[in-house]
Amino acid sequence: MEIEKILTVAAPVAKVWDMLLDPTVMGSCVPGMKSIEVVSDVEYNAVIHVKISFISAKFRLKTRIVEQRAPEYLRVEGSGEDASVASSLKQQSEIFLAELPGGQTELRTKVTVDVLGRLGTFGLGIMKTKADRMWEEFSQNLATRLNGGEVPGAAAVIITRVGEASAGGQPGPAAVARPAVAVSPAGPASSAAVPASPAAAAPQPACAPAAGTASPRRASVNGVDATPASVSDGGWWSRLVRRAGPARNIHVELRRGDISMVVDWPVEDSAGCAAWLRDALSPPPAR
């Protein structure tokens with residue numbers, strides 16, 4: 001999945017640059033950030049919580065600044081996983097700063113994210129919607145910090161440096177002079193002291209079959225088979241919901257080769273389930 005976002009902030013370039021390289025600032029601005037561990041001036045470990053529909057994931061991300069030209073350009077690469085939901089991601093973020101008239105700065109970010117595993121089965125539309133929401137929240141939080149305000153929940157984010165610990169031997173908050181990138185602000189899981197990107201590009205579904213291999217596709221709702229044809233005939237979704245029963249869940253089972261997935265999707269989010277099923281049942285693109 002590829003995402004590009006632009007934000008204009010009422011602050012000079014130098015100030016925005018310093019904030020992007022300050023983990024205490026980015027830790028409070030990136031939605032879902034739980035902790036940042038400073039390994040070196042260019043290496044960071046972060047924990048970020050991401051919720052997409054009914055799945056909650058807590059990714060442990062390893063991030064590295066691979067290129068920087070102060071105060072106008074940063075390139076960050078990172079990867080992470082959450083074994084509890086069998087999902088992983090790999091991302092690359094580029095951040096461009098440009099000076100604007102009136103002491104303002106344009107912040108542009110380009111993020112490429114590959115999401116694999118359980119989260120990777122969600123459709124591109126759902127992933128981009130989540131990324132857009134994360135970007136909006138990041139933008140609001142950054143503006144709050146630039147104006148000298150405090151972001152709610154910022155105090156709960158733990159910032160540490162490798163080798164530092166609080167009394168009792170447990171990792172504790174640490175004052176870090178100038179580091180930063182954890183995960184960038186454009187995506188789910190979404191990286192940078194510009195952290196993983198809130199606005200996170202084309203994820204490769206975990207269930208995608210190998211090139212040239214025909215894979216059987218089967219979905220069932222409460223035990224009733226749904227075929228690719230039923231997905232496109234216009235009336236399939238209302239029948240799915242009627243069969244959901246008093247539990248108010250849509251039960252879906254997907255099987256592709258040796259891979260099987262069972263999902264109970266809340267009826268209240270039926271539109272999201274419909275989008276996900278359309279993507280999951282569509283044939284892989286020709287290569």
Side-chain angles (χ1 to χ4, degrees), residues 1-3 23 26-39 43-64 76-93 111-135 137-138 153 156-160 162 170-171 181-208 252 254 256 258-266 269 272-273 276 279-280:
M1 179 172 59
E2 297 179 351
I3 294 178
M26 288 301 104
S28 66
C29 291
V30 176
M33 185 64 69
K34 299 300 181 183
S35 67
I36 298 176
E37 179 188 50
V38 182
V39 179
E43 295 177 280
Y44 307 87
N45 296 328
V47 176
I48 185 170
H49 176 260
V50 178
K51 187 174 189 298
I52 301 178
S53 189
F54 57 90
I55 297 180
S56 293
K58 186 176 289 186
F59 285 98
R60 299 182 181 277
L61 303 175
K62 294 182 179 294
T63 305
R64 180 180 178 86
V76 180
E77 295 179 352
S79 61
E81 64 179 2
D82 183 346
S84 66
V85 294
S87 299
S88 63
L89 67 83
K90 182 178 181 181
Q91 68 85 29
Q92 174 178 288
S93 304
V111 181
T112 300
V113 179
D114 292 323
V115 182
L116 304 175
R118 191 176 177 191
L119 286 179
T121 63
F122 284 92
L124 186 60
I126 295 177
M127 301 289 280
K128 285 199 170 184
T129 296
K130 177 63 177 181
D132 288 343
R133 291 174 181 171
M134 293 183 71
W135 175 256
E137 187 175 344
F138 169 82
V157 180
I158 300 174
I159 311 295
T160 60
V162 170
Q170 297 300 318
V181 176
V183 255
S184 168
S190 58
S191 293
V194 183
S197 180
Q204 302 300 315
C207 297
V252 181
L254 293 178
R256 286 183 176 177
D258 295 332
I259 299 175
S260 177
M261 176 180 292
V262 177
V263 176
D264 287 308
W265 201 300
D269 188 28
C273 186
W276 174 70
D279 286 343

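For this chain, numbers begin at 1 and follow the sequence in order.
- Residues passing the side chain to side chain donor-acceptor pair (under 3.5 Å) test with Glu137, sequence neighbours excluded: none.
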Can Val50 and Lys130 be said to form a side-chain contact (heavy atoms from CB on, under 4.5 Å), step by step? CA-CA 9 Å; Val50 178; Lys130 177 63 177 181; 4.1 Å; yes
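- The side-chain heavy atoms of Gln91 and Val76, taken from C-beta on, include a pair separated by under 4.5 Å.
- Scanning for side chain to side chain donor-acceptor pair (under 3.5 Å) contacts around Ser28 gives Arg145, with sequence neighbours left out.
- When side chains are defined from C-beta on, Glu77 does not count as touching Arg64, because their heavy atoms never get closer than 4.5 Å.
- Atom-to-atom distance recorded for Phe138:CZ and Met33:CE is 10.0 Å, nearest 0.5 angstrom.
- Checked by atom type and distance alone, the side chain of Asn45 never pairs as donor or acceptor with a backbone atom of Glu37 at under 3.5 Å.
- In this structure, the side-chain contact (heavy atoms from CB on, under 4.5 Å) partners of Thr129, at least two apart in sequence or on a different chain, are Arg133.
- No side-chain heavy atom of Val162 sits under 4.5 Å from any side-chain heavy atom of Val38.
- At least one side-chain heavy atom of Val30 sits less than 4.5 Å from a side-chain heavy atom of Ile48.
- Atom-to-atom distance recorded for His49:NE2 and Ser35:OG is 13.0 Å, nearest 0.5 angstrom.
- Side-chain contact between Phe59 and Leu89: present, with at least one pair of heavy atoms (C-beta onward) separated by less than 4.5 Å.
- Remark: Glu81 engages Ser88 in a side-chain contact (heavy atoms from CB on, under 4.5 Å) (not counting sequence neighbours).
- Closest approach of Gly117 to Ser87, counting heavy atoms only: C-OG, 4.0 Å.
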